[in-house]
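Inspection log for the structure reproduced underneath, given as structure tokens.
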Amino acid sequence: NAGVTQTPKFQVLKTGQSMTLQCAQDMNHNSMYWYRQDPGMGLRLIYYSASEGTTDKGEVPNGYNVSRLNKREFSLRLESAAPSQTSVYFCASRTGSNEKLFFGSGTQLSVL
Amino acid sequence: RKEVEQDPGPFNVPEGATVAFNCTYSNSASQSFFWYRQDCRKEPKLLMSVYSSGNEDGRFTAQLNRASQYISLLIRDSKLSDSATYLCAVPSTDSWGKLQFGAGTQVVVTP
């Protein structure tokens with residue numbers, strides 16, 4: 001029972017570098033989410049995908065792109081990393097609206 | 001006004017005591033509410049779902065007050081292991097697909 005799997009767990013980037021955070025869930029969930037968490041800020045929604053084939057912006061989408069590759073996978077891409085994107089990133093999924101979220105273990109990203 | 005607001009705390013609670021804290025929300029049409037527990041540097045884990053007036057699970061009780069638009073979480077007989085940050089989550093006003101989180105309430109249970 002893997003649940004929601006995120007890779008990598010840790011990453012250090014230099015300003016301007018690009019990278020993709022991977023997320024996969026094996027619970028047959030329709031909806032998937034990317035959040036970032038900064039000290040004192042709680043979880044802020046970056047992008048979400050309510051169902052396969054759709055993606056929508058969340059609260060803080062600037063500087064990010066996403067791809068819902070299939071029902072299982074939802075990736076987050078930083079095209080040109082900035083120090084302001086230093087954060088902990090969580091992927092999450094759920095069956096649908098009104099249902100609870102299941103989270104991955106997070107990615108600690110540092111941009112120097 | 002933020003969609004979801006919580007008192008950041010910390011709430012310092014003696015072991016065995018009761019602690020309660022609230023979460024206020026903006027979306028008056030919300031039908032589902034969630035309390036998550038988050039340990040330092042770990043992912044949030046669901047503590048309790050609330051779909052009607054409230055829910056109880058062992059030492060934990062969640063109450064929903066629709067008139068005043070807040071949910072509360074009460075922890076009875078606090079254990080050292082209850083020390084964590086408690087996040088509430090509510091559907092966003094602009095999209096049912098979005099789940100908005102509060103910044104969390106830190107609880108520290110002391111011996």
Side-chain angles (χ1 to χ4, degrees), chain A residues 2-6 9-10 23 25 27 29-61 66 68 74 87-110, chain B residues 1-10 21 23-27 29-52 55 57 60 62 64 71 73 84-106:
Chain A
V4 180
T5 303
Q6 285 182 241
K9 291 190 182 300
F10 302 93
C23 176
Q25 51 90 10
M27 297 175 282
H29 285 169
N30 294 315
S31 303
M32 297 186 73
Y33 302 77
W34 277 105
Y35 287 89
R36 61 177 286 174
Q37 187 173 35
D38 303 295
M41 300 290 288
L43 289 160
R44 292 186 291 169
L45 183 63
I46 305 171
Y47 270 95
Y48 69 105
S49 171
S51 60
E52 186 180 357
T54 69
T55 60
D56 286 286
K57 295 179 180 179
E59 188 181 351
V60 288
V66 290
R68 183 75 183 264
F74 188 40
S87 189
V88 179
Y89 292 84
F90 289 104
C91 177
S93 70
R94 63 178 177 173
T95 304
S97 301
N98 287 337
E99 296 301 319
K100 57 183 176 284
L101 276 174
F102 293 83
F103 284 87
S105 58
T107 297
Q108 175 80 57
L109 176 66
S110 295
Chain B
R1 179 185 174 186
K2 291 182 180 179
E3 289 208 45
V4 184
E5 293 196 76
Q6 295 183 251
D7 183 339
F21 40 90
C23 167
T24 58
Y25 61 91
S26 296
N27 187 358
S30 291
Q31 297 296 315
S32 57
F33 308 84
F34 306 95
W35 280 107
Y36 283 81
R37 173 203 169 113
Q38 187 176 29
D39 296 299
C40 188
R41 297 183 177 275
K42 299 286 189 180
E43 73 272 24
K45 293 185 177 178
L46 183 72
L47 180 66
M48 194 171 293
S49 304
V50 183
Y51 294 105
S52 57
N55 196 4
D57 184 3
F60 297 84
L64 170 62
I71 53 173
L73 183 66
T85 296
Y86 292 85
L87 306 169
C88 71
V90 181
S92 171
T93 51
D94 63 351
S95 171
W96 291 107
K98 296 182 187 178
L99 200 59
Q100 296 286 118
F101 282 81
T105 295
Q106 186 184 8

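In what follows, every chain begins at residue 1, and chains take the letters A, B, ... in the order their sequences are listed.
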What part of [X] is in contact with chain A, defined as an atom under 4.5 angstrom from a non-hydrogen atom: side chain, backbone, both or neither?
X: B:Gln38; result: side chain
X: B:Pro8; result: neither
X: B:Tyr51; result: side chain

Verdict with supporting geometry, A:Tyr47 and A:Phe74, ring pair (Phe, Tyr, Trp, His ring centres under 6.0 Å): CA-CA 10 Å; A:Tyr47 270 95; A:Phe74 188 40; 7.9 Å; no
Among A:Leu101, A:Val4, A:Val88, A:Leu45, residue most engaged with chain B (heavy-atom pairs, under 4.5 Å): A:Leu101
Heavy-atom pair count under 4.5 Å with chain B, highest-scoring of A:Gln108, A:Glu99, A:Glu59: A:Glu99
Residues that B:Lys42 engages under side-chain contact (heavy atoms from CB on, under 4.5 Å), provided they are two or more places apart: B:Asp39
For B:Gln6, side chain to side chain donor-acceptor pair (under 3.5 Å) partners two or more places apart: B:Thr105
Plane angle bin for A:Phe103 and A:Tyr35 - parallel if under 30°, tilted between 30 and 60°, otherwise perpendicular: tilted
Distance, nearest 0.5 Å, that separates CZ of A:Arg36 from CZ of A:Phe90: 12.5 Å
Which atoms of A:Ser31 approach chain B - backbone, side chain, both or neither, heavy atom under 4.5 Å: neither
